Amino acid sequence: MKNRFAAFLLVLCMLTGLIAGVTAEEIVKEAPMLAEQVAAGTLPALSDRIPVEADVYVENAYSPEETPVYGGTIRTYNNGMWYYGPFCEEPLFRLLDDGTVEPNVAKGYELSEDGLVYTIHLREGMKWSDGTPFTATDCVYYYNYVLVTDVDNETGKVTKSNAGRYYGWYQTKDENGIMRPAQVRYVDDTTFTISLYSPKPTLLQAICIDNKWMFCPKEWYKDIMVNDASAAHWSGETDLKLIGGEDLPTITEEDALANALKKSELYNFENAAKLGDQLGYRYWQYAGRPTLRPWNIINALTDQTLVFERNPYYWKVDNAGRQLPYIDKVEFVTMDQNLRAQEEIAGNIDISRFDSGDFPIYKASETLGKYTVYTEVSPSWTSVGFELNQSYKDEQYRTLFQNIDFRHALSIGADREEINEIVGNGMMTPAQFAAPAGTGDYIEGAPEKWTEYDTAAANALLDGIEGISKEFNADGFRTFVGGEHDGQAITIELETRADSSSDAALVALLAKYYKALGVQIVESNNTDNNARNERYYAGDIFMGAVNSSSGSFNVMLRPDAVAANRNNCAFVGKYGLEHADALTPAPGSGLEELVNATKDLVSASKLEDLQAAAKRIAQAHYDNTWVIGFCVSDRTYDAVNNRVHNFRQGFVNCDELRFLGYTKPYTWFIQD
């Protein structure tokens, strides 16, 4: 119901009492806490806080069988920014599980016949959470002054971003074959354009996945983003209004840091790069920054419990005309992994995501009546596995990790059946890291490759590797022969996650299996998920990482965990194209093919070329096994308190679809 005729019908139904048999006056249209502010004169009326009638986003969330109510607080655990971020996320367009997109913040779009210009339409009267207007200027400013701030004209490469990163998926080839970033221009307050140099059939999917925000409040940002107003703009545009640069001042790094601190003591950053990364990219973690989200954080990121409170200017209503969200607050509580189940069982938290390793304890306690266990769909290539860093800074270890016989040995040297029983509670399928059958990226035989448990064959492979000993030392380990680590035991540190109850068990099993191969495995634990991500971004300071639910929803649309486009893949490390210090792989190597296929995926202008590049990426993994998978499950689980209503079960749980965000938490409500 997103057009003028549908909006007219909505109003007509409300006026004639056709919705659930009640009159419009009997339906409470906003949360009591907001109605009180309106009555007190501290908040404008609802009609002045949401878009014009024809452009309000109407969510089909109302059920005649169960009338939603306002109020209450949802409590869940704090699993880091990529848990509470997607939970509240509102992208320009939303990716659906069939690979198509639907308008969200945007009202709609048009594509030129030549496939080069996307015209994006916004909702009239939409506002930021502080009440200031949201317009197309906020979109073009974000792209031209925050996301992209400098470009090398000769190479087309984005050399600087105030947001700390730029996604290559916005680049297309010009007439000379040079990849260049898109041009984004203001048309009017509810319209802007994205112009490409060559067609990109999946541009909107790229926006959904890789740059979900595509906007920021210009007036709030313009004095905290470094800018040289005297310099020509990287785009070559001289009419600054068209690129959101009208009236922008010159802001030095010193100015940016000082002005940010004036806004809040929470914005005390050591340099402009950190400021841009945190406020220009990970902004949802910082109280006071206006957003379009249903709830905004109201306290310090370092607090034990992060509290997100409703946005009074949220722009969605249900099909009875009630402003969403229904719930007043969401709390994300930092707690030990083992405590989560206890708190869920006691009814002290409302939702807990878990995998098959914790299934027995959650399922056994479901009978107490506090919560219900829901099963979700997982498109993972692996649910239990690990990755060796192919660009590890230590040359001897890097050479060893890049030897395919070494990875082959580690793969067949592990007992997947036992891993499934102990780590997966017998609920997974032993399998290699590979696209599952039934998906477009599936390769016949890939899930079964190198999955046989054969210690003798593994040792034979290791015996044939130059630079490591055939004999075991007194402690029972192979050693390096020559080089800096001559005579030292081969020892692999595997990073585990503090929020996983199964990682430590897996490492213990691997230590047992690989002791029989003469390879020592030790656990290197990170206490914080965000810290682990930062180590990924660094590219070369970890040896390997235990992983789960890794893979790709669709390689053509979201290759992040399997391609070389990002630098947060453990296996690819600094070979990621977007890494600040990206490495060039050896000619003829498997990594070179992966990098080249990734480049082709980025630059493809035809659907068939995109599909071909995606198949090459999947094939490269099949050929090289950079990620060693042990078991896979097509399911994940949520324990949801029975007081939480409207929870959407059976959804596809993956990063591309934004995890729990795909269930539209703003439509949940609490009723005991």
Side-chain angles (χ1 to χ4, degrees), residues 1-2 7-8 10-20 22-62 67-74 88 90 104-105 107 122-135 138 189-190 217 219-220 263-264 284 287-299 307-331 645-646 664-671:
M1 197 180 292
K2 300 184 179 76
F8 170 76
L10 171 65
V11 174
L12 181 63
C13 288
M14 290 169 61
L15 291 176
T16 56
L18 295 179
I19 293 183
V22 298
T23 66
E25 288 72 26
E26 291 174 314
I27 299 176
V28 177
K29 296 297 182 64
E30 61 184 331
M33 65 180 290
L34 300 183
E36 292 173 3
Q37 296 176 49
V38 173
T42 58
L43 188 68
L46 177 61
S47 60
D48 295 326
R49 302 199 311 268
I50 59 178
V52 298
E53 188 175 283
D55 284 354
V56 171
Y57 188 113
V58 181
E59 186 71 69
N60 188 24
Y62 179 81
T67 303
V69 295
Y70 281 117
T73 299
I74 285 280
C88 306
E90 292 294 350
N104 191 56
V105 167
K107 182 174 66 172
L122 304 177
R123 303 175 189 278
E124 183 181 347
M126 203 161 156
K127 295 178 175 64
W128 292 99
S129 55
D130 64 353
T132 58
F134 166 69
T135 71
D138 297 317
D189 277 357
T190 58
E219 291 304 308
W220 194 87
K263 290 181 182 291
S264 171
W284 61 89
R289 193 277 200 187
T291 81
L292 301 176
R293 295 176 171 229
W295 302 278
N296 292 324
I297 191 170
I298 63 172
N299 58 339
V307 181
F308 287 68
E309 190 172 275
R310 69 163 60 252
N311 170 10
Y313 292 88
Y314 192 56
W315 39 280
K316 293 183 180 181
V317 302
D318 70 10
N319 51 317
R322 285 182 270 249
Q323 185 190 28
L324 297 167
Y326 299 124
I327 294 168
D328 289 336
K329 296 180 182 180
V330 183
E331 294 182 352
H645 296 252
N646 261 0
K664 302 182 178 180
Y666 54 81
T667 65
W668 303 353
F669 67 93
I670 298 173
Q671 195 166 48

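Everything numeric here is computed off the predicted structure, so don't read it as measured data.
Every side chain to side chain contact (heavy atoms under 4.5 Å, CB included) that N104 has, sequence neighbours left out, goes to Y57, E90, P91, R94, W315, K316. E219 pairs by the side chain to side chain donor-acceptor pair (under 3.5 Å) definition with K222, not counting sequence neighbours. For P133, the side chain to side chain contact (heavy atoms under 4.5 Å, CB included) partners two or more places apart in sequence, or in a different chain, are T135. Partners of S47 by side chain to side chain donor-acceptor pair (under 3.5 Å), not counting sequence neighbours: none found. For A31, the side chain to side chain contact (heavy atoms under 4.5 Å, CB included) criterion is met by M33, L34, Y70, R310, D328, not counting sequence neighbours. With sequence neighbours excluded, no residue forms a salt bridge (charged side-chain N to carboxylate O under 4.0 Å, His left out) with E36.
The aromatic rings of Y326 and F669 lie perpendicular to each other, with more than 60° between the two planes, well past the 30° mark.
Residues R289 and W128 have side chains in contact (heavy-atom distance under 4.5 Å, counting atoms from C-beta outward).
Between the N311 side chain and the R293 main chain, a donor and an acceptor come within less than 3.5 Å of each other. Using a distance-only test at 3.5 Å, with no hydrogens or angles considered, a donor-acceptor pair links the side chain of R49 to the main chain of P44. Checking side-chain atoms of K263 against main-chain N and O of W220 turns up a donor-acceptor pair under 3.5 Å. Using a distance-only test at 3.5 Å, with no hydrogens or angles considered, no donor-acceptor pair links the side chain of W284 to the main chain of T291. Using a distance-only test at 3.5 Å, with no hydrogens or angles considered, no donor-acceptor pair links the side chain of D130 to the main chain of P290.
In plain terms, the two heavy atoms of F134 and L122 that are nearest each other are CE2-CD1, 4.0 Å.
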Derivation of the side chain to side chain contact (heavy atoms under 4.5 Å, CB included) call for Y666 and V330: CA-CA 10 Å; Y666 54 81; V330 183; over 6 Å; no
